[in-house]
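The next block holds one structure in the form of structure tokens; read it before the comments.
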Protein chains: 2
Amino acid sequence: MSQQQQQNGVSHRGKVLTLDNMNPNVKRVEYAVRGPIFLRAVEIEKELREGVKKPFTEVLKANIGDAQAMGQKPLTFFRQVLALCSYPELMEDSKFPVDVKQRAQRILSACGGHSIGAYSSSQGIECIRQDVARYIETRDGGTPSSPDNIFLSTGASDAIVTMLKLLMSGEGHDRTGVMIPIPQYPLYSAALADLGGVQINYYLNEDKCWALDIAELRRAISAARQNCSPRVLCIINPGNPTGQVQTRQCIEDVIRFAKEERLFLLADEVYQGNVYSEGSEFHSFKKVLFEMGPEYSSTVELASFHSTSKCYMGECGFRGGYMEVINLDPMVKAQLLKLVSVRLCPPVPGQALLDLVVNPPQPDEPSHATFMKEKTEVLAALAEKARLTEQTFNTVPGITCNPVQGAMYTFPRITIPQKAIDKAKELGQIPDMYYCMRLLNEEGICLVPGSGFGQREGTFHFRMTILPPTEKLKIVLQRIREFHLRFTQEFS
Amino acid sequence: MSQQQQQNGVSHRGKVLTLDNMNPNVKRVEYAVRGPIFLRAVEIEKELREGVKKPFTEVLKANIGDAQAMGQKPLTFFRQVLALCSYPELMEDSKFPVDVKQRAQRILSACGGHSIGAYSSSQGIECIRQDVARYIETRDGGTPSSPDNIFLSTGASDAIVTMLKLLMSGEGHDRTGVMIPIPQYPLYSAALADLGGVQINYYLNEDKCWALDIAELRRAISAARQNCSPRVLCIINPGNPTGQVQTRQCIEDVIRFAKEERLFLLADEVYQGNVYSEGSEFHSFKKVLFEMGPEYSSTVELASFHSTSKCYMGECGFRGGYMEVINLDPMVKAQLLKLVSVRLCPPVPGQALLDLVVNPPQPDEPSHATFMKEKTEVLAALAEKARLTEQTFNTVPGITCNPVQGAMYTFPRITIPQKAIDKAKELGQIPDMYYCMRLLNEEGICLVPGSGFGQREGTFHFRMTILPPTEKLKIVLQRIREFHLRFTQEFS
């Protein structure tokens with residue numbers, strides 16, 4: 001035991017592992033999406049079950065993009081194939097369409113012992129990687145994609161952390177610096193804390209609908225060169241938590257910047273299927289990179305990420321995902337393959353699900369009509385809820401909200417009265433945390449404070465998913481409105 | 001670009017990320033189970049598919065404990081419940097027994113939106129953690145277990161790496177030292193390389209059937225104190241790759257040693273259901289710890305690990321697992337919960353499967369008879385193959401083999417003639433790697449060289465799974481025998 005611990009004389013002084021001597025990087029990790037507000041929400045749910053009286057009867061968790069927890073139904077085709085993969089005896093059952101059986105058969109044939117219970121190759125099942133490559137080619141208008149560059153993963157988070165890990169090196173001023181947008185999805189800051197990387201913030205422009213601004217990238221990298229070696233540029237498009245969809249021009253500028261500044265690009269594109277605003281369109285970094293010609297397409301290093309958890313699928317629990325690496329040094333790729341092999345393989349049911357996402361029923365197949373109907377309904381409802389959310393919030397004095405062009409969240413700016421800021425300080429809380437905790441306790445609505453994603457000094461926000469069913473979403477928006485007015489009144 | 005790279009003038013000098021500047025810890029990672037021999041096996045399989053003539057028609061991969069890849073059938077009950085969880089419309093189907101439906105219903109009721117497609121709590125679904133706790137209590141003769149101490153994981157590997165990560169701290173001589181058995185399962189050395197921990201080898205006693213020797217623990221820790229701060233003791237029981245099953249006395253001695261030396265215990269007990277030798281019995285560290293009285297049970301910190309991948313289940317692809325933590329500082333536990341929340345949750349199908357493993361059909365339930373029949377057959381066949389393997393190898397001059405008391409592997413010692421050792425050196429290969437590569441190329445049998453697990457200087461081994469079906473295993477053993485005699489002859 002260290003002298004310091006002995007002096008502290010805490011009750012855990014006998015422990016081998018204590019808060020004092022544990023991994024300091026882990027202590028620095030923060031993840032607001034399941035942070036204090038979420039933990040309090042779980043407590044309140046327990047209190048409600050135990051009969052404690054509250055001003056509400058259920059907690060509405062709008063803190064996380066978890067579509068099926070909000071009542072979204074999984075797609076029939078996906079789940080039928082998964083049932084057959086789990087229990088192949090159902091292959092004889094006449095109630096399953098022939099395309100469902102064919103898909104299941106194809107996946108099982110690619111599994112060791114024809115079972116999803118066998119380990120797969122560490123990079124992921126080969127025929128699924130082939131399907132992913134074809135999906136990317138189709139999505140990107142014929143830009144070539146190779147299964148050798150596809151790595152299946154345990155959700156997108158796994159692949160993002162793995163790539164960041166490969167990129168970590170140096171000590172002190174030579175430590176790898178990683179540029180991340182602010183506001184960001186806090187996986188990035190958490191992974192950098194854990195890995196000991198240097199976080200370089202670049203601020204998205206809230207006044208321009210959260211657009212990425214190249215001048216701001218220049219400012220950020222130039223400031224960062226004082227204390228680290230910037231090597232990585234992370235992009236989230238469509239944006240989480242901002243809901244912004246980048247223009248093709250912006251992406252081209254970012255790629256040019258990355259080449260000039262010798263940055264490895266990480267493109268988090270898990271919301272690629274979630275674009276709602278008219279005039280907005282998803283452009284993959286890969287496609288734009290290849291359209292810029294060989295000067296770029298044969299040099300700029302890029303890893304892009306996708307997942308089964310978002311879009312119209314919302315299959316978060318399966319932890320399916322992939323990354324595509326472009327221009328990765330072959331020797332580094334061998335190291336990547338070695339690294340992922342230590343964890344053996346991504347979950348095979350998630351791999352199977354990913355295969356169905358990238359290779360859905362075709363127009364001549366029996367499941368196509370139902371599949372398209374279900375998919376279209378989900379996406380139409382999301383688009384409607386994106387509009388509804390923006391419009392409602394913008395009618396509330398003290399809340400301003402950019403259009404939700406894509407993804408699954410709104411990140412409105414809230415005016416918190418000075419007296420409330422003072423009150424929060426008195427309680428030792430960040431003002432938007434105080435705001436969200438009050439909202440949770442008084443209305444049963446669980447959001448994530450803007451400080452969990454990062455925001456410009458002196459501004460306050462929260463992140464809310466647009467996933468609740470429309471009727472419920474209307475109630476939520478109404479209750480946030482009432483709370484906000486009451487809160488503002490109280491501290492006026 | 002560094003000066004060194006410019007001097008190297010390699011063809012990848014333009015890359016942002018190169019072998020020279022990537023994470024040096026990742027470069028140090030080795031994982032022989034899917035190392036060069038395995039990669040060559042995959043190549044050979046491709047060559048065979050392309051019609052290349054070989055002295056064999058298929059590659060037999062005995063490198064990894066992947067039961068279903070070797071043809072073991074998944075248990076009907078498990079897969080029926082998983083099918084219903086995937087596609088709940090099957091709940092109406094009369095061909096599924098009522099207990100299958102009840103289990104599926106119970107799991108779905110505990111999922112967000114009643115769907116395995118929703119994220120679960122990061123620690124794992126609560127009712128599944130309750131079932132795990134009850135399973136542990138029953139297994140350990142009533143020793144209490146709390147769901148709050150259970151963390152579900154993505155296979156056992158995930159939880160092991162997470163615990164090791166928490167335990168990493170210090171620099172230079174204060175760096176965390178972790179005692180691991182030699183031979184070890186190379187996840188441990190790989191994780192320590194990745195995390196920058198100090199590996200402290202303690203050697204198992206091959207002459208005493210790979211028993212753990214407390215005197216050797218003392219030697220190892222005393223030597224290690226010169227250059228690190230030993231804080232962790234890892235145990236693999238039943239042993240991988242050794243197949244050894246520790247006696248109750250040994251476990252008690254280890255616990256006493258851990259308490260004296262202030263070590264955090266990590267007990268890898270994923271083979272707890274795989275015990276074959278008469279007179280051998282699995283004792284969990286948790287149970288022995290509690291039987292030693294409050295002086296131990298209320299102080300010694302322990303994390304133990306289990307998985308759905310081994311035992312009679314062999315459901316590797318689902319990546320299910322759990323750990324139980326004992327006497328973990330509550331503030332550290334909060335940090336652990338925060339850390340796992342960044343990755344959101346373990347795959348939910350794997351959690352569901354784990355629930356079935358810890359809560360199998362009961363005698364009064366309709367699936368019980370089939371379940372017991374299938375389980376018993378798998379375990380009886382494994383016991384038979386464990387005996388067959390030991391007996392056969394011990395008839396080969398130059399191969400000696402301890403009894404496979406448990407787990408799924410044999411780790412026989414092979415005599416490699418000096419001329420073969422010289423030949424390997426000439427080729428720049430480790431002798432047992434040369435041996436295994438020759439075996440693969442000549443007989444199509446994929447094993448893992450002993451050097452991948454660690455072995456005493458000057459001794460050579462390989463690891464082979466006992467999982468091939470009995471008839472195939474007999475052929476494999478025969479071919480290894482022939483190869484060994486031929487190899488010995490060639491270099492005599």
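All chains are named by letter (A, B, ...) in the order of the sequence lines, taking the proteins before the strands, and each is independently numbered beginning at 1.
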Check B:V16 against A:F264 and note the closest heavy-atom contact, atom names and distance. CG1-N, 3.9 Å
Go through the atoms of B:D93 and report whether side chain, backbone, both or neither lie under 4.5 Å from a heavy atom of chain A. side chain
Tell me the closest heavy-atom pair linking B:D329 and A:L19, and the distance in Å. OD2-N, 4.4 Å
By a 4.5 Å heavy-atom criterion (distance strictly below it), what part of B:C111 contacts chain A: side chain, backbone, both, or neither? neither
Measuring heavy-atom distances to chain A, does B:P186 have an atom under 4.5 Å in its side chain, in its backbone, in both, or in neither? neither
Is B:R319 reaching over with its side chain to a backbone N or O of B:T308, donor-acceptor style, under 3.5 angstrom? no
Quick check on side-chain contact (heavy atoms from CB on, under 4.5 Å): which of B:T162, B:L164, B:D158 does B:I160 satisfy it with? B:L164
Checking B:L195 against chain A: side chain, backbone, both or neither under 4.5 Å from a heavy atom? neither
May I ask you to decide if B:G65's main-chain N or O and B:K310's side chain share a donor-acceptor pair within less than 3.5 Å? yes
Looking only at non-hydrogen atoms, find the nearest pair between B:V161 and B:A191 and report the distance. CG2-CB, 4.0 Å
Does any heavy atom of chain A fall under 4.5 Å from the side chain of B:K95, the backbone, both, or neither of them? side chain
B:D174 versus chain A, heavy atoms under 4.5 Å apart: side chain, backbone, both or neither? neither
Under 4.5 Å, counting heavy-atom pairs only, tell me which of A:L166, A:L339, A:V300, A:V81 racks up the most with chain B. A:L166
For B:R79, which atoms come within 4.5 Å of any heavy atom of chain A: side chain, backbone, both, or neither? both
Relative to chain A, which of B:A67, B:G112, B:A118 shows the most heavy atom pairs under 4.5 Å? B:A118
Using a cut-off of under 4.5 Å for heavy-atom pairs, which of B:C85, B:S157, B:A69 has the most such pairs with chain A? B:A69
For chain B, which candidate among A:S120, A:P88, A:S309 shows the most heavy-atom pairs at distances under 4.5 Å? A:S120
Salt bridge between B:K61 and B:D66, side-chain N to carboxylate O under 4.0 Å? no
Between B:V232, B:V42, B:L90, B:L328, which has the largest tally of heavy atom pairs under 4.5 Å with chain A? B:L90
For A:I64, is it the side chain, the backbone, both or neither that has a heavy atom under 4.5 Å from a heavy atom of chain B? side chain
Whatever's closer than 4.5 Å to a heavy atom in chain A on B:S341 counts as both
Most heavy-atom pairs under 4.5 angstrom with chain A, which of B:L336, B:L187, B:L84, B:L167? B:L167
Top contributor to chain A interface from B:V342, B:T299, B:L353 [non-hydrogen pairs under 4.5 Å]: B:V342
At their closest point, which heavy atom of A:A110 faces which heavy atom of A:I125, and how far apart are they? CB-CG2, 3.6 Å
Partner chain A: residue of B:P346, B:G317, B:G113 with the largest heavy-atom pair count (under 4.5 Å): B:G317
Please work out whether the ring planes of A:F96 and B:Y87 are parallel, tilted or perpendicular, with thresholds of 30° and 60°. tilted
Would you say the side-chain atoms of A:Q72 pair up with the backbone N or O of A:Y312, donor to acceptor, closer than 3.5 Å? yes
Given the options A:N327, A:L337, A:T76, which has more heavy-atom pairs under 4.5 Å with chain B than any of the others? A:N327
Answer yes if the side chains of A:R231 and A:S169 hold a donor-acceptor pair under 3.5 Å, and no otherwise. yes
I need the minimum non-hydrogen distance between A:C345 and A:V348, along with the two atoms involved. SG-CG2, 4.4 Å
Under a 4.5 Å cutoff for heavy-atom pairs, which residue among A:S122, A:G155, A:P24, A:P74 has the most contacts with chain B? A:S122
Part of B:E301 lying under 4.5 Å from any heavy atom of chain A: side chain
Checking B:Y185 against chain A: side chain, backbone, both or neither under 4.5 Å from a heavy atom? side chain
Non-hydrogen atoms of chain A under 4.5 Å away: do they reach the side chain of B:S229, the backbone, both or neither? neither
Strictly below 4.0 Å, N to O, side chains only: are A:D194 and B:K165 in salt-bridge contact? yes
